[in-house]
Amino acid sequence: IVHSHWQTGDADAPYRFFRDGTARGGALLRAQPEANARKIRAAVIERVQRNHGSGPLWTIPIPAVVISARRL
């Protein structure tokens with residue numbers, strides 16, 4: 001695991017990232033009725049602010065796995 005972080009000035013950036021930038025998460029979020037999508041977005045914003053401060057800049061951990069391979 002590579003320890004990294006994402007700095008953003010927008011507390012709903014993680015919601016938009018998953019909705020617009022991932023295949024599985026995006027498919028689930030885009031399929032939600034508008035009322036559900038608003039509640040999910042509000043929950044993400046609340047969690048970012050609760051776990052990472054009141055802003056205006058949030059540092060959100062985003063651990064990643066790096067895989068390297070070579071052909072034999």
Does any non-hydrogen side-chain atom of V44 lie less than 4.5 Å from one of D12?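 No - every pair of side-chain heavy atoms lies 4.5 Å or more apart.
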
Would you say I45 ends up clustered with W6 if hydrophobic residues are merged whenever their side chains have heavy atoms under 4.5 Å apart, either directly or through other cluster members?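 W6 and I45: separate clusters.
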
Can you get from V65 to I62 by hopping between Ile, Leu, Val, Met, Phe, Trp and Tyr side chains that sit under 4.5 Å apart?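 Shared cluster, no.
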
Please name the pair of heavy atoms, one in [X] and one in [Y], separated by the smallest distance, quoted to 0.1 Å.
X: I60; Y: P14; answer: CD1-CG, 3.7 Å
X: A37; Y: Q32; answer: N-CB, 4.1 Å
X: Y15; Y: I40; answer: CE1-CG2, 3.9 Å

Please check if the number of heavy atoms outside [X] that lie under 6.0 Å from its [atom1] is greater than 12.
X: R41; atom1: CZ; result: no
X: I1; atom1: CD1; result: no
X: R50; atom1: CZ; result: yes

Do R30 and D20 meet the salt-bridge criterion of a basic N to acidic O distance under 4.0 Å?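 No, D20 and R30 are not salt-bridged.
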
Do we see a donor-acceptor contact under 3.5 Å between the side chains of T59 and Q7?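 Side-chain D/A pair, T59 to Q7: present.
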
Atom CG in N36, atom CG in L28: separation rounded to 0.5 Å?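 It is 12.0 Å, given to the nearest 0.5 Å.
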
If I take atom CG from residue D10 and atom CH2 from residue W58, how far apart are they, to the nearest 0.5 angstrom?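 Result: 7.0 Å between the selected atoms.
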
Strictly distance-based, threshold 3.5 Å: is any side-chain N or O of T8 a donor or acceptor partner for the main-chain N or O of A13?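 Answer holds: no.
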
